[in-house]
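For reference, the structure is listed below as structure tokens.
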Amino acid sequence: MNSQKILVCAAWPYVNGDIHIGHLAGYFIPADIFTRFCRLKGIDTVFVSGSDCHGTPITVEADKRGITAKELVSEYIPKVHEIIEQYGIDYSLFTSTITDNHKKVTQEVFLNLFKNGYIIKKKSQQYYSESDNKFLPDRYVEGECPFCHAKGQRADQCEVCGRTIGLGELIEPYSKLTKAPVTLKETEHYFVDFPKLENSIKEYVLNHENAWKDWVFKETIGFINEGLQERAITRDLDWGVEIPVDELPENQRIEFAGSKRFYVWFDAVIGYLSATIEYCNSKNLDYKDYWNNKDCLHYYFMGQDNLTFHTIFWPGQLIGQNLYYNLPYFPSIVKFLNANGQKLSKSRGNIIDAKQVANHFGADAIRFYITSILPENKEGNWDWTDFKNTINAELVGNIGNFVHRVLTFYKNKLSAEKFEAELDSAVETKINETFTVVSDLLEKNQFVAALNEVKKFSTYGNQYFDYNKPWEKLKLAPQEANKIIFNCLQIVNSLRILFYPFIPEASHRLSNTLGLTNLNPTPGTNQFQFTSLPLTDINLVENLVPLFKKLEETDVEAFTASV
RNA sequence: CGCGGGGUAGAGCAGUGGCAGCUCGUCAGGCUCAUAACCUGGAGGUCGUCCGUUCGAAUCGGACCCCCGCAACCA
């Protein structure tokens, strides 16, 4: 990873509900760890995302509540910003898909695809409700299964007999929302000609076989090998980015274009490009330095439900621009996070709300735990007993205790006189090794393993302390005790740097405790490495308090009972 | 036969033909500067099931069972 620049793209939260631990594990936290790490390495790193505001589910939710879609998203957007603030997610820009800039960029992307021959128009039959005067996606249509005659089945598949239901085969279809009857009606839409882009997309994917995670590559290539199909990019809906149909020749316009909008999947991914442009405009930068510069690597963070959109469709949209845009370099995709062994779902009532849980336990504890159970290659599970054990044993008992025992020993027994001592070569080697290993793992987006190395490093500190017994040396050979604590302080200072990507609040608290300025990433300066800290730089605070607070049995009970 | 992932100690995982391991938890003893960590020792496995290949299988082949994601209108 010797690139000059990095663009970090995190998936866009869909703003029809509150943020929960699944969103945190899926992209907020891994993308933030990576961004903070890159910046500390001195790499110019831009980190963009925003609220995904369009699509039918938003309009349905708004209807249900008797407000407009615009009002609904305006209510949720500030809530997402609160989460970002609370967890310290270090975005360069967190915008939304309802900006004028996004609208303009989306339309340009469409027009380029059209100009380059990748857009076709096609008529098809879709369910339409006369009484509601609107088209309905299959997911909102129910009826009787034509095979087993089970009632209340979804339009595409019967859950009772398992058979696939073809368009128009459902008996007495009706709207799930209003129960009004629906009928098939013809409608015209634009499609992206993915069969035409298939070879280019496949070539792109094959070029990344060794770089991507094994399962990500397999899923992607498996999907492509089934043959890509034309994919609709417009909907009969009044909420979304308008179609710039006036810019097209008359015989290429779809009918009733004014009552249609771009399909949400099409405009949401374009957000990565539009957000970079918005950010660069606000900073007097050129977005091409990030999108056309081959030394700028693009990392994408998302959950597995988003895989094909980022490894197939979005690259296809970009290739079809013929503007030589950078394609995704590494899709950092995680599987799902369950809670107490079950899939997160509102109906099961096991959603763990991101805001509530951080209010109760602190963002650091949540960041630490989620990172330790990140579903990198298989599903992860949030378990309250495991949560308490992890926090108490690893974060508090091992890491926090090491920092605290060193600082209290230094303050209470030694710091009256400032001393300088030799760095033990074994300690120096260990510190350097740790930075190298953690750095390598973070570059490869192996966050669980990277955090494990930090834990091991703290264990090493504890072992070094115990083995050298400074409390005994204090009586017999005070100089020896000085040397041991000097070495331990170097480990503590290294932990302060290692914390920065994972638990930034703790890194800041430790800086304050030591009387040092907070770490401040500077382009071109690598701070993610060992730097000897002279003791004259340390000005310990008067009242030493432990970095992390131990969880009592009742803490978890109080939280789970309160939600 | 739609595509893909998975099943190994209480939990989470590593292990692709040669004595079944790691982290956490757990039990006993030691040490003690600290929110107590560390050290030493122990308990805990039918490696999903069955069949096969082999001197030897968690590992290779076959069949089956179970769990999960995707399946193009779930963002």
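Identified under the salt bridge (charged side-chain N to carboxylate O under 4.0 Å, His left out) test for residues 15-25 of chain A, with sequence neighbours left out: A:D18-A:K79. Residue pairs meeting the salt bridge (charged side-chain N to carboxylate O under 4.0 Å, His left out) criterion with at least one member in residues 457-481 of chain A, sequence neighbours excluded: A:R405-A:D466.
With sequence neighbours left out, the side-chain hydrogen bond (donor to acceptor under 3.5 Å, both in side chains) criterion links A:Y460 to no other residue. Every residue two or more places apart in sequence or in another chain was checked for a side-chain hydrogen bond (donor to acceptor under 3.5 Å, both in side chains) with A:K196, and none qualifies. Among residues two or more places apart in sequence or in another chain, the side-chain hydrogen bond (donor to acceptor under 3.5 Å, both in side chains) test is passed with A:D386 by A:Y369. Residues passing the side-chain hydrogen bond (donor to acceptor under 3.5 Å, both in side chains) test with A:N392, sequence neighbours excluded: none. Taking A:F94 as the reference, A:H81, A:Y91 meet the ring pair (Phe, Tyr, Trp, His ring centres under 6.0 Å) condition, with sequence neighbours excluded. For A:Y76, the ring pair (Phe, Tyr, Trp, His ring centres under 6.0 Å) test picks out no residue, with sequence neighbours left out. When the ring pair (Phe, Tyr, Trp, His ring centres under 6.0 Å) test is applied to A:Y140, no partner is found at least two apart in sequence or on another chain.
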- Dot-bracket for RNA chain B: what is it, with Watson-Crick or G-U pairs under 3.5 Å, [ ] where a pair crosses earlier ones, and | for a pair to another strand? .(((((((.[[[[.)..(..]]]].(((((.......))))).....[[[[[..)....]]]]])))))).....
- The contact string for nucleotides 27-35 of chain B, one letter per nucleotide 5' to 3', using protein heavy atoms under 4.0 Å with B, S and - for base, sugar-phosphate only and none, comes out as -----SBBB
- Nucleotide-resolved protein contact map, nucleotides 4-13 of chain B, B/S/- at heavy-atom distance under 4.0 Å: SSS------S
